[in-house]
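All remarks here apply to the structure that follows.
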Amino acid sequence: MPLKLPIRIRFFTHSLRGTHIDSLNSGARAYYSSSSVPFLFRIFSFTLNHFAFGSRINFSTRPNRDLPEFGQRSRDEGEIRASKSLIEDEEELSNWVCDLRPGSFRFQLTSEDEDSGPEAEDRSRGRNQQNGGKSGRERESDEFRGFNRTGTRNQVDSFRDKRYVDRESGLSGRIQGKSSHGSFRGRKERNLDSGFRRDREDYKGLGKRKDLLEDESSDEDVKSLVMGGIGDLLSEDDEDEDEDYEFLRNKAASAFGFDKEKVIDTDKARNADHVKASDSYLTKTRFDQYPLSPLSLKAIKDAGYETMTVVQEATLPIILKGKDVLAKAKTGTGKTVAFLLPSIEVVVKSPPTSPDNKRPPILALVICPTRELASQAATEANTLLKYHPSIGVQVVIGGTRLGLEQKRMQTNPCQILVATPGRLKDHIENTPGFATRLKGVKVLVLDEADHLLDMGFRKDIERIISAVPKERQTFLFSATVPEEVRQICLVALRRDHEFINCVHEGTGETHQQVRQMHMIASLDRHFSLLYTLLREHIADNVDYKVIVFCTTAMVTKLVADLLGELNINVREIHSRKPQSYRTRVSNEFRKSKGLILVTSDVSARGVDYPDVTLVLQVGLPKDREQYIHRLGRTGRKGKEGEGILLLAPWEEYFLSSLKDLPITKSPLPSIEPETVKKVKPFSYCSDLGKSFALFQIDKIWNQKCNTNTKSLSSVQVQKALCHVEMRNKEAAYQAWLGYYNSQKMIGRDKERLVELANEFSRSMGLDNPPAIPKLILGKMGLKNVPGLRAK
Ligand SMILES: Nc1ncnc2c1ncn2[C@@H]1O[C@H](COP(=O)(O)OP(=O)(O)OP(=O)(O)O)[C@@H](O)[C@H]1O
């Protein structure tokens with residue numbers, strides 16, 4: 001998680017030499033040659049200290065095929081049958097990508113692969129029927145509360161065709177492990193080494209907390225707890241360094257005549273001559289205007305891609321010339337195709353490997369920060385490879401057994417590998433012959449590059465980069481590339497790389513067609529407001545499809561439980577859910593309409609859910625970039641969308657980081673405060689008081705029913721909160737405390753932090769804040785802070 005620098009550090013470009021502005025048809029682009037960068041990097045190497053451990057949360061999804069029912073809920077009985085064993089799920093996960101293109105040499109089944117054949121599907125269906133499992137939130141509901149819940153709309157059918165499942169495993173080992181102190185590239189070794197050495201020293205200083213991160217790195221909430229402590233360690237000193245940095249930067253900039261980066265307004269450029277406003281992410285440039293293989297062009301046509309998107313048009317000619325590229329383009333504008341297509345071309349042009357070669361080279365390596373994204377990229381690769389039967393793609397991601405992936409790679413060696421960093425590192429270290437295969441890499445892609453290069457992934461990425469040849473082409477893509485991260489991106493790129501910026505800084509970073517609003521309301525009104533906003537949105541949009549982002553996994557769970565109690569049709573995704581569940585829900589949400597996904601940041605980046613009508617962010621986003629990526633789940637492919645950020649008054653400071661975005665203040669929808677006041681005294685939700693509280697609430701509710709319908713929402717929320725399990729409230733409270741403890745502005749005043757946490761506790765209907773284990777309080781640096789209860 002990068003700590004935001006209070007001072008925005010600009011990246012410089014030589015004002016004349018190597019800077020180009022070009023315009024191709026309707027799309028325009030800006031790019032620069034960065035030969036000056038190594039020098040700057042040396043000066044600014046200490047910027048690396050500003051990056052703390054990042055959260056790395058992986059999940060995976062796979063596309064749909066006609067496959068047996070995964071699980072089906074009987075509408076009448078409220079029961080769900082069919083659930084597959086986890087062992088099968090793991091095998092399926094690894095089979096999935098390979099199975100997408102029948103006819104490829106990768107698809108010959110071996111005895112280990114038998115479960116991917118039709119017979120296996122039958123067997124699996126049989127087993128499913130026997131198992132009588134449940135799926136979706138209903139199953140969760142049962143697991144946690146022992147009774148069923150009915151949503152306003154039943155999603156029975158959408159669980160059909162699901163078989164894409166895998167198992168969540170911790171990310172342990174992902175941050176841990178020996179860091180590669182090797183260089184990224186020979187010529188930059190020295191410069192980088194100094195930067196990273198400093199960085200490593202800072203790691204040492206974090207001592208115990210880092211160990212804890214390593215053990216629990218799959219758990220957002222635990223990381224939040226720990227990050228609180230890290231935040232403390234990094235807090236005050238950072239500001240001094242920012243000042244030093246700014247001073248040096250200004251010096252260097254004036255001394256060498258570097259200018260600020262050139263940007264162009266792609267929105268204006270596109271709107272000028274685009275066919276339809278809704279297609280404004282597209283250009284008029286056809287794919288066949290470039291020297292691409294006819295078989296790739298055929299597949300592109302089949303995929304329904306008629307013309308290039310802005311980022312594709314801007315990057316393809318540069319990449320085809322053999323250049324490294326750092327590309328920044330808005331969310332949902334086709335970056336995946338932009339890096340996959342030229343990668344495939346490199347593979348197509350490479351001489352075929354002899355079938356006798358026991359360790360055939362991997363030619364293109366794509367790294368994505370999450371399992372979900374890796375799977376999505378592999379799916380897209382398979383689409384583009386439709387007519388290249390001899391080119392294979394495999395995906396290696398956390399959450400599956402390493403052994404299965406090893407076997408698969410042995411049986412069906414591929415030329416293109418899509419991977420998450422931790423699992424890839426595992427293979428480098430533990431799979432015989434794998435390191436040799438990586439020596440063939442000609443193209444390296446870092447998707448969501450800024451995220452991959454922040455502290456959470458950096459060591460794995462260092463290790464991976466040191467395992468691939470220096471002579472290669474590298475593509476870095478993201479919708480956000482903050483200035484301070486941009487310099488770190490250079491560790492992977494050649495000196496003469498091109499920076500292609502398809503985003504106009506400020507307003508251009510988000511989509512014009514997405515209406516952005518923020519609302520400020522005291523914490524005790526957040527749940528009621530959320531409920532009211534959702535109800536209003538559902539009433540106004542027949543095909544509503546909403547994503548609600550929450551701060552942590554356990555807060556996500558709480559909100560999902562609450563909305564479920566309120567009969568809102570919700571699903572939840574966060575790191576505490578098994579990977580198989582996450583994959584299933586993700587696939588369901590991708591296909592469905594009339595559904596709300598409550599999620600943590602595991603869904604913030606890259607996930608391509610079509611037609612999301614509203615993104616609602618409750619509480620402080622981790623940083624400006626996270627806000628943009630979350631918002632980017634709506635308004636994809638030129639579609640319209642809406643974003644609402646709901647903050648408490650003491651979170652309002654965050655808006656200053658968004659001040660260049662077109663986000664406006666929105667009045668609060670009315671929820672009658674009187675009602676809240678009347679209900680609150682009865683909102684005591686311990687087991688003993690629960691019946692009495694519910695009785696009182698019912699009374700008020702009934703009175704209100706006759707008077708004011710709108711005011712009902714608060715009463716309903718209070719009532720529903722009483723049904724939410726105490727242990728979920730406790731976990732949410734603890735996670736909330738950990739998350740805000742890690743937010744520099746809030747976490748630095750511990751007493752105030754605890755006051756706010758207790759306000760959150762009251763908003764869940766608790767009279768007393770839940771007690772927290774002393775050990776955890778110690779780790780959070782919150783021992784003996786007044787207002788906390790320790791156990
Ligand atoms: N040339 C094209 N024409 C039409 N659709 C396209 C084209 N290229 C890609 N797409 C589609 O656009 C959608 C968004 O693409 P993609 O997920 O790659 O966006 P992205 O820029 O990577 O977004 P994010 O920043 O959120 O990761 C996908 O559904 C993809 O299939």
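Atom set for the values below is all heavy atoms of this structure, side chains included, hydrogens, waters and symmetry mates excluded. Remember, it's 1-based here, ligands and their atoms both numbered in the order they're listed. Along the sequence shown, residues carry numbers from 1.
- Legend: residues meeting side-chain hydrogen bond (donor to acceptor under 3.5 Å, both in side chains) with Arg633, ordered by chain and number and at least two apart, are absent.
- Within 6.0 Å of the CD atom in Gln513, the count of heavy atoms belonging to other residues, nucleotides or ligands exceeds 12.
- You'll find the side chain of Met308 stays beyond 4.5 Å of the side chain of Gln289, heavy atoms only.
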Quick one: table the atom pairs, ligand 1 N or O against protein N or O, below 3.5 Å, distance rounded to 0.1 Å.
residue	atom	partner	partner atom	Å
ligand 1	1 (N)	Thr307	O	2.9
ligand 1	1 (N)	Gln312	OE1	3.0
ligand 1	8 (N)	Gln312	NE2	2.8
ligand 1	15 (O)	Gly334	N	3.4
ligand 1	17 (O)	Arg636	NH2	3.1
ligand 1	18 (O)	Lys335	N	3.4
ligand 1	18 (O)	Thr336	N	3.1
ligand 1	18 (O)	Thr336	OG1	2.5
ligand 1	19 (O)	Gly334	N	3.2
ligand 1	19 (O)	Arg636	NH2	3.4
ligand 1	21 (O)	Gly332	N	3.4
ligand 1	21 (O)	Thr333	N	3.0
ligand 1	21 (O)	Gly334	N	3.3
ligand 1	21 (O)	Lys335	N	3.2
ligand 1	21 (O)	Lys335	NZ	2.8
ligand 1	23 (O)	Gly332	N	2.7
ligand 1	23 (O)	Arg636	NH2	3.0
ligand 1	25 (O)	Lys335	NZ	2.7
ligand 1	26 (O)	Arg633	NH1	3.0
ligand 1	26 (O)	Arg633	NH2	2.9
ligand 1	26 (O)	Arg636	NH1	2.7
ligand 1	26 (O)	Arg636	NH2	3.2
ligand 1	27 (O)	Glu448	OE2	3.4
ligand 1	29 (O)	Asp608	OD2	2.5
ligand 1	31 (O)	Tyr305	OH	2.6
ligand 1	31 (O)	Glu380	OE1	3.4

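- Each of Arg630, Lys622, His574 was checked for a side chain to side chain donor-acceptor pair (under 3.5 Å) with Asp601, and the lone residue meeting it is Arg630.
- Closest of all the heavy-atom pairs between Val311 and Thr333 is CG1-O, 3.4 Å.
- The closest donor-acceptor contact from the side chain of Gln415 to the backbone of Ile362 lies at 3.5 Å or more, if one exists at all.
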